[in-house]
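Quick notes on the structure that follows.
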Amino acid sequence: MVRVYFHIDMNAFFVSCEELNHPELKGRPVAVSSQARRSVISTASYEARRFGVHSAMPTSLALQACPELILIEPHFPMYRRLSQQFMDIIRSYTDEIEQASIDECYADVTDIIMKRARPLDLAAEIKDRIRKETGLTCSIGVAPNMFLAKMASDMRKPDAITVLRIRDVPQKMWPLPIGDMRGVGKKTEPLLKDLHINTIGDLANYKDIEKLRPIFGKNTEAILERAHGIDHRTIVREWTPKSMSISETFQDDISDYDELRGSLRAMSRKLSERMRKEKKLGSGISIRIRLYDFRNIDRSSKSDQLIWSANDIFNQAIHLFEENWDNQPIRLLGICMNGLKDAGDVVEQLNLFNYQAAEKEETKSVIHDLNRMLDGNVFHRASDLLKEKKA
């Protein structure tokens with residue numbers, strides 16, 4: 001069954017929020033930025049963007065590009081309140097939502113859109129409600145997968161609805177500059193241009209895949225599929241209550257792989273120690289990558305065994321990280337352990353259901369190791385034994 005995804009992106013969100021209180025700013029080059037040293041532009045109005053002002057640009061350079069630029073100090077409580085209103089509107093239609101940042105989200109609307117006489121009426125209704133209830137405008141991309149929905153919402157801004165189907169990719173997406181492709185960052189773009197890949201179509205039709213691997217690594221195949229309009233990802237909902245998480249917000253945005261890997265390693269140790277203290281086991285890992293522009297990337301994986309050790313947590317976390325990071329600067333990293341179970345419950349289940357004569361000795365060994373954990377001793381090989389037993 002073909003699915004239908006919306007990518008809903010609020011237009012120049014921080015600036016638009018400020019314009020609600022200061023309508024005299026409309027139509028003028030405006031940017032939200034603090035006055036602190038090393039400050040960067042959070043959001044720029046479309047008028048300011050015509051001068052080359054953009055998000056994450058150093059404020060000093062933005063003022064050089066546009067001397068008439070009006071700088072507004074950010075008011076984050078207001079942005080969070082309006083963001084919550086925006087998300088509540090989307091949640092009134094579907095629970096299949098993945099919030100990508102404070103001002104954008106993906107929604108799987110497959111089930112509800114089919115009930116409409118004209119499917120695009122749903123997108124128009126959502127836009128109208130957002131405008132009436134928040135005073136803000138948005139752009140909506142409509143597509144059969146998340147990647148194309150994001151590309152579609154970027155194609156026409158502000159205040160537009162854009163449909164992008166896989167059959168439209170050669171005509172509508174391939175002619176776009178390679179830097180416009182989601183997943184190609186500022187560091188990646190010049191490397192691709194060195195290979196004479198200047199458009200998305202050039203990448204889609206590039207023959208020497210081995211030359212792309214040093215650039216995209218493990219993501220090479222996924223990036224090439226997306227260049228053809230194919231994306232197998234599905235909505236990742238918010239982290240569940242039955243979870244334990246840890247995160248680190250960096251003082252400066254980081255794009256160095258080794259430093260980020262070290263941060264994930266340290267967080268894995270801390271999360272493992274917390275699980276030891278609370279005597280918890282988990283069945284899966286989620287990571288959160290918050291980029292320099294406040295966009296979130298949340299990805300999850302499940303384990304075929306209950307885990308708690310720092311090595312197991314790190315191995316899953318770094319795998320997710322390497323698959324989903326595109327070298328853009330990061331302001332926050334987080335790891336979440338999902339599907340938590342009490343170690344005592346696991347022991348009880350083993351006692352109730354598995355303690356039979358034919359497997360008495362191996363089950364006793366597993367229970368012994370879990371009981372060591374419950375007694376506050378060092379975690380042992382219980383996860384490996386459980387996996388061997390399951391096999």
Side-chain angles (χ1 to χ4, degrees), residues 56 98-102 104 106 146-147 150 181-189 191-192 212-226 231-240 243-275 282-340 383:
E98 180 176 328
Q99 186 168 358
S101 69
I102 193 172
E104 62 176 318
Y106 296 90
M146 294 171 66
F147 171 76
K150 169 63 177 173
M181 180 174 171
R182 178 71 171 159
V184 174
K186 293 180 180 179
K187 293 185 177 180
T188 307
E189 183 180 359
L191 298 177
L192 293 173
L212 298 175
R213 294 194 189 281
I215 299 174
F216 294 118
K218 295 180 180 179
N219 296 321
T220 302
E221 279 73 18
I223 292 290
L224 287 173
E225 283 189 332
R226 290 172 195 173
D231 183 12
H232 301 291
R233 292 174 301 160
T234 57
I235 294 292
V236 177
R237 295 190 186 185
E238 295 180 4
W239 294 359
T240 63
S243 63
M244 185 181 296
S245 61
I246 186 170
S247 64
E248 180 178 1
T249 301
F250 306 118
Q251 184 173 357
D252 298 307
D253 297 340
I254 296 176
S255 55
D256 181 79
Y257 172 80
D258 290 333
E259 189 171 354
L260 293 165
R261 180 185 174 91
S263 178
L264 284 173
R265 175 74 75 178
M267 283 190 285
S268 298
R269 294 192 189 101
K270 292 178 182 178
L271 186 55
S272 175
E273 183 60 30
R274 284 178 57 191
M275 295 181 71
S283 60
I285 289 288
S286 297
I287 66 165
R288 167 161 291 179
I289 304 170
R290 178 167 296 158
L291 300 175
Y292 67 94
D293 56 0
F294 292 91
R295 284 182 291 119
N296 288 329
I297 300 172
D298 291 332
R299 295 292 179 263
S300 301
S301 68
K302 290 186 177 180
S303 174
D304 58 359
Q305 59 177 314
L306 295 174
I307 63 174
W308 64 78
S309 75
N311 279 339
D312 286 341
I313 294 171
F314 173 75
N315 287 337
Q316 289 200 31
I318 195 64
H319 177 72
L320 287 172
F321 177 77
E322 290 176 345
E323 281 194 334
N324 294 284
W325 182 49
D326 59 2
N327 298 312
Q328 296 190 70
I330 293 175
R331 63 184 300 113
L332 175 145
L333 269 180
I335 306 176
C336 180
M337 178 67 73
N338 302 316
L340 293 184
S383 61

**Prompt:** What do the steps show when you test Leu192 against Leu212 for side chain to side chain contact (heavy atoms under 4.5 Å, CB included), and what is the final call?
**Reply:** CA-CA 8 Å; Leu192 293 173; Leu212 298 175; 4.0 Å; yes

**Request:** Determine, step by step, whether Trp325 and Leu333 satisfy the side chain to side chain contact (heavy atoms under 4.5 Å, CB included) criterion, reporting the C-alpha distance in whole Å, the side-chain angles of both residues, the deciding distance to 0.1 Å, and the verdict.
**Result:** CA-CA 11 Å; Trp325 182 49; Leu333 269 180; over 6 Å; no

**Request:** Dump the intermediate steps for side chain to side chain contact (heavy atoms under 4.5 Å, CB included) on Arg331 and Arg295, then the final yes or no.
**Result:** CA-CA 10 Å; Arg331 63 184 300 113; Arg295 284 182 291 119; over 6 Å; no

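Residues Ile313 and Met275 come closest through the heavy atom pair CD1-SD, 4.1 Å. The two residues Phe216 and Gly183 come nearest to each other via the heavy atoms CE2-O, 4.4 Å. Between Ser301 and Leu320, the shortest heavy-atom distance links the atoms OG-CD1, 3.8 Å. Closest of all the heavy-atom pairs between Asp326 and Thr188 is O-OG1, 4.1 Å. Among all heavy-atom pairs drawn from Ile215 and Asn327, the shortest one is O-ND2, 4.2 Å. Pairing each heavy atom of Ala310 with each of Arg269, the nearest pair is CB-CA, 3.9 Å.
One distance of note links CZ of Arg261 with OG of Ser263; it measures 12.5 Å at 0.5 Å rounding. For the atom pair CD1 (Ile330) and CG (Asp252), the distance works out to 14.0 Å, reported to the nearest 0.5 Å. Taking CD1 of Ile246 as the reference point, atom CG of Leu264 lies at 11.0 Å (rounded to 0.5 Å). In this structure, CD1 in Ile287 is found 13.5 Å from OG in Ser245, a value given to the nearest 0.5 Å. Atom CG of Leu291 sits about 5.0 Å away from atom CD of Gln328, to the nearest 0.5 Å. In this structure, CG in Asn338 is found 7.5 Å from CG in Leu340, a value given to the nearest 0.5 Å.
In this structure the side chain of His232 never reaches within 4.5 angstrom of the side chain of Arg226, judged on heavy atoms. At least one side-chain heavy atom of Lys150 sits under 4.5 Å from a side-chain heavy atom of Tyr106. Residues Ser255 and Lys187 are in side-chain contact: their nearest non-hydrogen atoms beyond the backbone lie under 4.5 Å apart. A heavy-atom distance below 4.5 Å is found between the side chains of Ser303 and Gln316. The shortest side-chain heavy-atom distance between Met181 and Ile223 falls under the 4.5 Å cut-off. Annotation: side chain of Arg274 is not in contact with side chain of Met337 (no heavy-atom distance under 4.5 Å). Counting heavy atoms from C-beta outward, Ile335 and Phe314 have side chains that stay 4.5 Å or more apart. In this structure, the side chains of Val236 and Glu98 come closer than 4.5 Å at one or more pairs of heavy atoms.
Side-chain atoms of Ser272 never come within 3.5 Å of backbone atoms of Ser268 as a donor-acceptor pair (strictly under, hydrogens ignored). Between the Asn219 side chain and the Glu322 main chain, a donor and an acceptor come within less than 3.5 Å of each other.
Across Thr249, Asn296, Asp298, Asp253, a single residue satisfies side-chain hydrogen bond (donor to acceptor under 3.5 Å, both in side chains) together with Arg290, and that is Asn296.
Under the 3.5 Å distance criterion, with hydrogens and angles disregarded, a donor-acceptor pair is assigned to the side chains of Asn311 and Arg265.
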